Amino acid sequence: MTTQDLRLTIAAELERTRARTTLLTETVDDDDLTRQHSPLMSPLVWDLAHVGNQEELWLVRDVGGRDPVRHDIDELYDAFKHARRDRPALPLLDPAEARAYLGQVRDKVFDVLDRVRFDPSVRLTDGGFAFGMIVQHEQQHDETMLATHQLRIGAPVLTAPPPPPARMIPAGEIHIKGGPFTMGTDTEPWALDNERPAHPVDVPAYWIDAAPVTNGDYLAFMDAGGYDDQRWWSERGWAHRQSAGLEAPLHWLRDHEGWHHRRFGRVEPVNPAEPVVHVCYFEAEAYAAWAGKRLPTEAEWEKAARWDPDTGRSRRYPWGDDPPGPQHANLGQRHLSPAPVGAYPEGASPAGVHQLMGDVWEWVSSGFEPYPGFSAFPYREYSEVFFGGDYRILRGGSFGTDPAAVRGTFRNWDHPIRRQIFSGFRCARDAG
């Protein structure tokens, strides 16, 4: 890619991402923007100004060497300084001020982009890394804001066409042969530090579900008394199930007609063909035990998603090295729900595992740890400070994850009790 092509690509990604941010913040009134819809989430107006502040810090000041736009607000929008529950009490920019601030920052960023040298010897700008990091950061906050919309009470404000129907029904399990594969990446230009470096991992043979666990599958667990049977739950999981009063996935409602769920202000019957969403790690773990299986490890998930048994190489995505298209996966908020299992046969992995990307983030059993040879870049707070904590990894992205913010090596993480995220799972088991 030529320097000019890279500039045009970055500009297009910045504009496309900002259009999504605008959609998520202009479909509600100022009261909804400034209100905290859940103590788990920031007010939408905080996210709005925060993405601008990160863009200013990294692109205007660090890459561009320009004077600050608003040096006085850095601490307000530092995610490590203030817990989400405390942010409504801060002297935040109001919606008009936040929008004006984003516009000022973006004008300066485009000026920086026109002049920057993508010097291979300067890691922050090589391949446009800093710009890609900011695109991903804003898209990640867009998904967070989408989750806030799901928690919001009120009339629907977001619309999207329904996802495509199933074109085939992937069923059963797929056998993945034992042996080494290359995990992580050294070549993805916008990959983040925790995805690096590429390294060999020897994974024993295993079976993995051909598709994510569906609502219908999960209803069978519920109907069998799974929430009331301590046998299926880990000690921590059972304690949390009792203290939190878990009885069904988040947003599920039951009436005389059966189970429904509330989705972005609309109440709809639960579709048994969709991947189950809004379950925590402990619920996924209990279902897997009830089914006589377990959750896959992170290495098992990535091998199923990337490893080509015919060539022995690891692909960028399950379907190959081409970026995600609408035929491959349910990504980018094109739809406001997971697609039925079997809707994306063109996105299957070489081994025949379906819907590994998009639809729902998939819990895996591994904690968040660095890869061998890890080096923090460009700052410790992105990954390093979270290693070894009480986190579980999620892989693959959801219907709310943008293609720019996910790939076969991308690692997400969260506390095992979290359910407001668009999280689901699939099961695995040992071979033999």
Side-chain angles (χ1 to χ4, degrees), residues 37-41 143-144 146-158 160 162-163 166 209 211-230 232-234 237-291 295 330 333 335-341 343 355 358-363 392 394 398-400 414-427:
H37 298 277
S38 165
L40 294 174
M41 313 300 280
E143 181 167 1
T144 299
L146 184 66
T148 302
H149 272 268
Q150 170 63 7
L151 293 165
R152 171 185 167 272
I153 302 300
V157 295
L158 297 176
D209 288 355
V213 170
T214 64
N215 289 327
D217 298 329
Y218 200 81
L219 277 165
F221 165 69
M222 293 167 60
D223 290 344
Y227 274 94
D228 300 317
D229 194 331
Q230 189 175 351
W232 312 127
W233 298 77
S234 65
W238 182 248
H240 177 66
R241 174 258 174 274
Q242 291 183 299
S243 65
L246 302 184
E247 297 179 344
L250 184 63
H251 305 301
W252 281 34
L253 313 163
R254 192 172 191 176
D255 60 20
H256 66 281
E257 295 181 350
W259 285 102
H260 293 68
H261 51 204
R262 184 177 56 79
R263 182 174 282 162
F264 301 108
R266 302 171 181 86
V267 176
E268 306 165 344
V270 167
N271 181 348
E274 288 179 6
V276 67
V277 64
H278 294 301
V279 291
C280 72
Y281 174 84
F282 294 130
E283 290 169 293
E285 184 183 49
Y287 173 95
W290 170 79
L295 297 180
N330 182 8
Q333 202 180 312
H335 314 292
L336 290 174
S337 71
V341 162
Q355 282 163 270
D359 291 305
V360 292
W361 286 103
E362 297 187 15
W363 290 108
R392 286 293 180 270
L394 301 110
S398 76
F399 64 88
D414 212 330
H415 293 290
I417 64 172
R418 293 289 185 246
R419 305 205 299 170
Q420 86 279 9
I421 56 178
F422 302 114
S423 52
F425 65 100
R426 74 180 69 220
C427 299

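The structure displayed is predicted, hence computed values, not measured ones. Hydrogens, waters and symmetry mates play no part in the numbers below; they use all other heavy atoms, side chains included.
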Item to check | Test side chain to side chain donor-acceptor pair (under 3.5 Å) applied to E362 - qualifying residues, sequence neighbours left out | outcome: W301, R426
Next on the checklist: Determine whether the aromatic ring centres of residues W238 and F282 are separated by less than 6.0 angstrom.
Outcome noted: no
Checklist entry - What's the shortest heavy-atom distance between C280 and P416, and which atoms? => result CB-O, 3.3 Å
Item to check | For W259 against M222, the heavy-atom pair lying closest together | outcome: CZ2-CE, 3.4 Å
Checklist entry - Where does the angle between the aromatic ring planes of F221 and W233 fall among parallel (under 30°), tilted (30 to 60°) and perpendicular (over 60°)? => result tilted
Next on the checklist: Please verify the inter-ring angle class for F264 with F422; under 30° counts as parallel, over 60° as perpendicular, anything in between as tilted.
Outcome noted: tilted
Checklist entry - Under 3.5 Å, is there a donor-acceptor pair between the side chain of D223 and the main chain of A220? => result no
Item to check | side-chain hydrogen bond (donor to acceptor under 3.5 Å, both in side chains) between S38 and Q420, worked out | outcome: CA-CA 10 Å; S38 165; Q420 86 279 9; over 6 Å; no
Checklist entry - What heavy-atom pair brings V360 and G424 nearest, and what distance separates the two atoms? => result CB-N, 3.7 Å
Checklist entry - Any ion pair linking E283 and R419 (charged N to carboxylate O, less than 4.0 Å)? => result yes
Item to check | D359 side chain vs A339 backbone, donor-acceptor pair below 3.5 Å | outcome: yes
Checklist outcome for this item: Smallest heavy-atom separation, S423 atom then L394 atom, equals CB-CD2, 3.8 Å
Item to check | Salt-bridge present (R392, E285; N to O < 4.0 Å) | outcome: no
Checklist entry - Relative to the ring of H261, is the ring of W252 parallel (under 30°), tilted (30 to 60°) or perpendicular (over 60°)? => result perpendicular
